[in-house]
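All values derive from a computational prediction rather than experimental measurement. Atom set for the values below is all heavy atoms of this structure, side chains included, hydrogens, waters and symmetry mates excluded.
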Amino acid sequence: MYLSFVEMRQTSIQFGSSCVAVSYPRKLDPWFDDLATPPNEGVAATKRVRLCPNRQRGRFDVFSSVNAPARGLELGEALATFWERVTFLLIEDIHDAMVLHAAALCHERGFVLLPGRSGSGKTRLSLWYRAQGFDLGTDEIVSTSVGTNGMDGPILIGALARPLMLKSLTDPTSLLRTDEVPLEQQGSASGLILKLKHSGPWQQRALDRGLILFPHFSSGSPLSLKTLTPGEATLHLLDNCLNVRNLPRGGLAFAGHLARRVPAISLEYGDTAQLNRTLDVFTRQVFATQPSADDLLDLCEALSARAATRSAYATTNNKKTETAAPERAIPAPTLQRFPRRITIGMATYDDYDGVYFTVQSIRLSNPELEGALEFVIIDNNPGGRCSEALSDIGASIDGYRYLPRGEWSGTAIRNAVFEEASSPFVLCIDSHVLLVPGALRRLIEYFEANPDCRDLAQGPMIYDDLRTTATHMEPRWRAGMYGTWSEDSRGADPTAPGFDIPMHGLGLFACRRVAWPGFNRNFRGFGGEEGYIHEKFRQRGGRTLCLPFLRWLHRFGRPFGAPYSNRWEDRIRNYVIGFTELGLDTAEMEAHFAELLGAETSAQIFAGIKLDLVAGLSSA
């Protein structure tokens, strides 16, 4: 039942000149202490967001004055949705400052600004700076403007304090202060949400010196610092500006002024250990001396050269190091643009041909959707032989975004598609799948007609003869795989309504971005996803559907072999982790692999996996 008025906290969240009224159960006070405050006199809250208990125990609903309700969410998803909607409403009303997708920290009279897209390493870098004694204001939303003295006055930095959202850190505690334990933490499809000590709101600060760092984290990359001209910095700031439409000339004056006043650096790094006694020294040097452009260039080149020397020394001495340079240069990720009607995402491993023909066939078959599509290409082998070509093609394709993500390899990398998507609906496909004409348009119309559904949508897979189809898989073991292809006669008519299926192959699947439950991040290698993700949707109150119109052709043939490793140990490990997470019995699985691989070999594999689970290495 819904809580009474007395059991709900009525307050507000402010950001600069903008204010949103909020309410939430008092039992969630630890999540909001210091973040929500009574509005200041003269600041009116005309918009509202409510976080309420759902009738189903342990779940919540989020209501907003301008969005459709989101219902039946687990706490982590509810918190993520709540802050997403509050942030949108706050930014929408700000016309007197440039709002950036950025982190902000300060130390005495200086500030560090870290603008960047999701996944660029902002939160990782923010926590590292915080561990060095800097005051963290936010890792997400920052406002910048100038004081009353005009363009020569102090720079005003505001920060929207909110819980941290960690999208890719496997061990965030390694970057917290010594012996620090988060006040609250909760998982969600978007990542781990943390409420830290001393995370209260920043009062707007007038600061006279600073440093802008545009971070790019890629595991294994060498440390590199490069100076940016004011013009380059201006363009990067505009790429990360969230209220462009509210500002005169699209925010050009705001961004240009900040870029001329504050030195800007492009930072690439592959491990926070590279930053120790380098970036902290560099930052304090900038604060203390406010170096000229030439001095800043010399300082960046010297520190980058020292990092390269250390990396070469470690490699020469055959030591494992995370700062060793990859064989090929890793292209820079594409900055996020405005959201489209749907995101089409694919994770690829050295399959340029597949990506090229899949993307171009979609564009050729759907000219009416020009400008409505975002293509998110996750390169799971950054620096590989296809990386440069995958990046370069983006110059010719509207809405195309290239994103190198090599922090882990295999099935679970498809989580990155949903982490990076900027549209409300996501179609995730293999980089060698073709859609029948009209299917994509109908999928968009389906989701827009059902904006709050929590379902997993799939469609009939067409075989090479273009007549035979598989509408789903039956949950049976065969040849080391869970699931056997099957056909339901209801899928023969593309105009027929959708119907429930037990499971299906994941060459193509779609859902609302916020409804994505995520693959277990402890999956490694390939296999184990079919059936697992379907049951995960069902356990969260969603359905798993076959939409007959959503027909797709899948290339199975690989005459040159798969470019990635496909091992029995990885596949079985994923199955065990997935079944254990969902509370499913593994006895039938163990019997199947004992027959397939031999009892002794199978027993050894399962024993090793179970030792990992007992040790807690594979917890969800």
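Every residue two or more places apart in sequence or in another chain that forms a side-chain contact (heavy atoms from CB on, under 4.5 Å) with Pro69 is listed here: Phe63, Arg71, Asp452.
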Report task. Please assess Thr234 against Arg260 for the test side-chain contact (heavy atoms from CB on, under 4.5 Å), listing each intermediate value before the final yes or no. Result -> CA-CA 9 Å; Thr234 298; Arg260 289 191 296 272; 6.0 Å; no

Query raised in the report: Please walk me through it: do Leu113 and Leu211 pass side-chain contact (heavy atoms from CB on, under 4.5 Å)?
Result: CA-CA 6 Å; Leu113 201 60; Leu211 174 65; over 6 Å; no

Report task. Kindly determine whether Tyr129 and Leu213 satisfy side-chain contact (heavy atoms from CB on, under 4.5 Å), including the steps that lead there. Result -> CA-CA 12 Å; Tyr129 265 116; Leu213 287 171; 3.3 Å; yes

Report task. For the pair Leu279 and Leu225, evaluate side-chain contact (heavy atoms from CB on, under 4.5 Å) and give the outcome as yes or no after the intermediate values. Result -> CA-CA 9 Å; Leu279 188 59; Leu225 295 132; 4.1 Å; yes

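Taken to the nearest 0.5 Å, the CD1 atom of Ile13 stands 11.0 Å off from the OG atom of Ser18. Taking CD1 of Ile330 as the start and OH of Tyr402 as the end, the distance is 7.0 Å to the nearest 0.5 Å.
With Arg209 contributing its side chain and Phe287 its backbone, the two residues share a donor-acceptor pair below 3.5 Å. A donor-acceptor pair is defined here as one N or O able to donate and one able to accept, closer than 3.5 Å; no such pair exists between the side chain of Arg512 and the backbone of Pro424. In this structure, the side chain of Ser387 engages the main chain of Asn381 through a donor-acceptor pair within 3.5 Å. Of the possible donor and acceptor atoms, none in the side chain of Asn243 sits under 3.5 Å from a partner among the backbone N and O of Glu92. No donor-acceptor distance shorter than 3.5 angstrom exists from the side chain of Lys122 to the backbone of Leu114, with no hydrogens or angles considered. Side chain of Glu232 to backbone of Ala264: no donor-acceptor contact under 3.5 angstrom is found. Remark: the backbone N or O of Glu140 is paired with a side-chain donor or acceptor of Thr138 at under 3.5 angstrom.
With respect to Arg513, the salt bridge (Lys or Arg N to Asp or Glu O under 4.0 Å) criterion is satisfied by exactly one of Glu419, Glu420, Glu84: Glu84.
Look at Arg9 and Asp33 and you find no salt bridge, because none of the NZ, NE, NH1 or NH2 atoms lies under 4.0 Å from a carboxylate O. Between Lys226 and Glu268 there is no salt bridge, since no side-chain N of the basic residue sits under 4.0 Å from a carboxylate O of the acidic one.
Under 3.5 Å, the side chains of Asn276 and Trp128 contain a donor-acceptor pair of N or O atoms.
For the pair Asp139 and Ser126, the tightest heavy-atom approach, listed with the atom from each and the gap, is CB-OG, 4.2 Å.
Side-chain contact between Trp31 and Phe82 is absent, with no heavy atoms from C-beta onward closer than 4.5 Å.
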